[in-house]
Amino acid sequence: MFKKIIKPFQDVLLERKLCVGCTGDLNNCKKLGNLSERRMLVQCKCRRRYVFDKEMNKYQRATFSEEQQVLKQIAKDRE
Ligand SMILES: [Zn+2]
């Protein structure tokens with residue numbers, strides 16, 4: 001018998017700080033910018049984006065608005 005899967009596989013990967021797409025180590029991600037003092041947007045080598053919470057010490061998938069916030073900031077800095 002198989003063990004019952006309690007947590008979605010993606011959550012397990014994120015808890016282990018691994019990308020849900022390529023299972024790469026998220027600690028090696030490129031840092032894109034800060035969303036706030038404790039939250040940072042990072043991008044995996046497979047181009048998936050995550051938010052790292054420094055206080056909780058964990059990764060989450062970035063929402064569309066979180067991505068836009070940082071990408072706009074980057075575009076502004078380049079002007
Ligand atoms: Zn990846």
Side-chain angles (χ1 to χ4, degrees):
M1 281 290 279
F2 289 106
K3 262 190 204 167
K4 208 174 180 184
I5 296 166
I6 301 157
K7 272 184 198 166
F9 188 52
Q10 292 203 350
D11 289 0
V12 176
L13 286 173
L14 286 177
E15 261 173 34
R16 292 178 189 171
K17 298 184 168 58
L18 300 173
C19 174
V20 301
C22 69
T23 67
D25 190 342
L26 289 177
N27 290 319
N28 298 331
C29 274
K30 194 174 134 196
K31 292 165 184 69
L32 292 179
N34 290 319
L35 285 159
S36 66
E37 258 179 47
R38 48 174 268 204
R39 303 180 78 232
M40 184 172 72
L41 189 77
V42 299
Q43 181 173 287
C44 182
K45 57 181 186 284
C46 69
R47 301 191 67 81
R48 280 181 179 77
R49 295 187 182 117
Y50 298 90
V51 174
F52 180 63
D53 191 313
K54 290 175 196 171
E55 230 160 75
M56 311 267 284
N57 189 32
K58 69 175 191 183
Y59 288 92
Q60 295 167 298
R61 292 298 297 272
T63 65
F64 182 74
S65 65
E66 284 169 337
E67 287 185 5
Q68 292 307 306
Q69 188 191 324
V70 171
L71 295 177
K72 263 185 217 162
Q73 219 173 292
I74 294 167
K76 223 191 232 176
D77 291 345
R78 278 186 189 152
E79 269 170 22

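Sequence positions, counted from 1, serve as the residue numbers for this chain. Excluded from the calculations below are hydrogen atoms, water molecules and symmetry mates; all remaining heavy atoms, backbone and side chain alike, are included. Read the numbers this way: they start at 1 and go in the same order the structure lists the ligands and their atoms.
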### Message
Test: ring-ring contact (aromatic ring centres under 6.0 Å, His included). Region: residues 53-79. Which pairs qualify, not counting sequence neighbours?
### Response
F52-Y59
### Task
Return each pair, listed once, that meets ring-ring contact (aromatic ring centres under 6.0 Å, His included) where at least one residue sits in residues 15-41; pairs must be two or more places apart or across chains.
none
### Message
Tell me if the CZ atom of R61 is crowded by more than 12 foreign heavy atoms within 6.0 Å.
### Response
yes
### Task
For atom NZ of K30, decide whether the heavy atoms of other residues, nucleotides or ligands shown that lie under 6.0 angstrom number more than 12.
no
### Task
Please list, chain by chain and in numerical order, all residues satisfying side-chain hydrogen bond (donor to acceptor under 3.5 Å, both in side chains) with E37, sequence neighbours excluded.
none
#### Entry: Distance below 2.8 Å from the Zn ion (ligand 1): protein N/O/S atoms
C19 SG, C22 SG, C44 SG, C46 SG
### Query
Within the side chain of Q69, is there an N or O that forms a donor-acceptor pair under 3.5 Å with the backbone of L35?
yes
